[in-house]
Structure formats: C-alpha cells, structure tokens
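Would you mind keeping the following structure in view while I ask a few things?
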Amino acid sequence: MQASAVVPFGWARAAEAGCRFRRAADVDLPFLGRVYASTRSDELSIAPWSDAEKADFLDRQFRAQHAHYQKYYPNADWLVIEHLCHDIGRLYIERWPTQHRIIDIAFLPEHRGKGLGEALLRDLLDEAAAVAKDASIHVEKLNPAMRLYRRLGFVTEEDKGVYDLMRWKAGAS
C-alpha cells in the first residue's frame, strides 16, 4: 500500500455527509482488519470457538483476503473512509477500461445505516456515468446492503454461490 494522503476525488455527497478519504498505508492494516472482522461477527457468533480462536481466524481470513485483493486488483485505490476525523470504514475500487469495480466497501457497525454508504455509492455511480462506464461489485446474498444496491439500480448479473456479481449500467437508471 502507498503512503497516506488525502484523496480529493470530489465526491460531493460523501463530502456533504462529512466523509473524507485517504490512501491506506501499512499502518492502517490493523484498522482495516477490524473493519473486516466487524463484517463477519454475526456469522461467527454461532461458532463454538473461544474469542481468541475467533480473533485468530478473522486475522487469518483478513490477511488472505488482503493478499488476494492486492494480487488480483493491482491498480486499485485502497482508501480509508474518515468521518469527522475518525476512521470509519474502507473503500477499495479499481477503474478498468470498461467498468469501475467496487472491490469492497465496509463501515464499522456504528456507522452503518446512516446514509454514508448510499452517499458514497451515488458519488461512485456519478463518477462511472461521467466516463460512460458501468459499475460492478460482488455482494454476499445475505448482506443487508443488498437492498441498497438494488435501490440504486444494481442488478444481479451472475450467481457466484455465496455472492452475486451485481452490475449498475451507465445510462440505465
């Protein structure tokens, strides 16, 4: 990951909601791991493991995911989402010639459901539309944000088992 710096993408809705972005750096890995772990807490709540075993599992899973993302999305922007000077989430996006791939967008639990994700996603869609590109993302079928993606015009393009590959088409909505 590159050194930390403010990223001035001009995402107006996110900025109005108090969000800023900076490039993630290696020093951010513990925070990014915490964001990842927060997205898995519900499914792990039923696992018969100790808290230490769950933490170890989540750490290993985060590291594997991080390595996978770095390998398969080498030109992505790896961003930490800040809100009112606090780190609250992560946004990973790669801009391909034909589409913008949202690799991951996640917030800490206390910042979910407050409209921040919707503001950011609408800005991302505006950015893609401005260059006549679609946007896509893999979404877990049981992810509560699935409703938001559908409301924004994403449609399931391919069933990937646990995930759906969803696409928003520029000019379609």
Subject >> Spatial distance of atom CD (Gln65) from atom CD (Gln70) [nearest 0.5 Å] >> reply: 10.5 Å
**OP:** Measure the shortest side-chain to side-chain distance between Asp104 and His138 over non-hydrogen atoms and say whether it is less than 4.5 angstrom.
**Re:** no
Subject >> Leu44 backbone acceptor or donor facing Lys54 side chain under 3.5 Å >> reply: yes
Original post:
For the residue pair Trp168 and Tyr149, is the inter-centroid distance of their aromatic rings smaller than 6.0 Å?
Top reply: no
Subject >> Pairing of Lys133 and Glu127 as salt bridge, 4.0 angstrom limit >> reply: no
Original post:
Is there a side-chain contact (heavy atoms from CB on, under 4.5 Å) between Phe21 and Glu82 once you walk through the steps?
Top reply: CA-CA 6 Å; Phe21 307 88; Glu82 300 174 341; over 6 Å; no
Original post:
side-chain hydrogen bond (donor to acceptor under 3.5 Å, both in side chains) with Asp28: which of Arg23, Arg22, Arg90?
Top reply: Arg22
Original post:
Taking C-beta and beyond as the side chain, do Gln61 and Tyr36 meet within less than 4.5 Å on heavy atoms?
Top reply: yes
Original post:
From Asp159 CG over to Leu165 CG, what is the distance, rounded to the nearest 0.5 angstrom?
Top reply: 10.5 Å
**OP:** Output the distance between atom OH (Tyr92) and atom CD1 (Ile103), rounded to the nearest 0.5 Å.
**Re:** 9.0 Å
**OP:** Grab the two heavy atoms, one from Asp123 and one from Ala14, that are nearest each other, plus how far apart they are.
**Re:** OD2-N, 2.8 Å
Subject >> NZ/NE/NH1/NH2 to OD/OE distance under 4.0 Å, Asp164 and Lys160 >> reply: no
**OP:** Run the numbers on Glu43 and Arg40 for salt bridge (Lys or Arg N to Asp or Glu O under 4.0 Å), then give the verdict.
**Re:** CA-CA 6 Å; Glu43 72 183 279; Arg40 305 283 307 270; 2.7 Å; yes
Original post:
Which distance, rounded to the nearest 0.5 Å, do you find between the CD1 of Ile137 and the CG of Leu121?
Top reply: 7.0 Å
Subject >> 4.5 Å side-chain heavy-atom contact, Val35 and Phe107 >> reply: no
Original post:
Do you know which of Arg167, Arg101, Glu157 makes side-chain hydrogen bond (donor to acceptor under 3.5 Å, both in side chains) with Ser136?
Top reply: Arg101
Original post:
Would Arg122 and Asp126 pass as an ion pair if we require N to O under 4.0 Å?
Top reply: no
**OP:** Kindly indicate whether the side chain of Arg95, heavy atoms from C-beta on, has any atom under 4.5 Å from the side chain of Asp77.
**Re:** yes
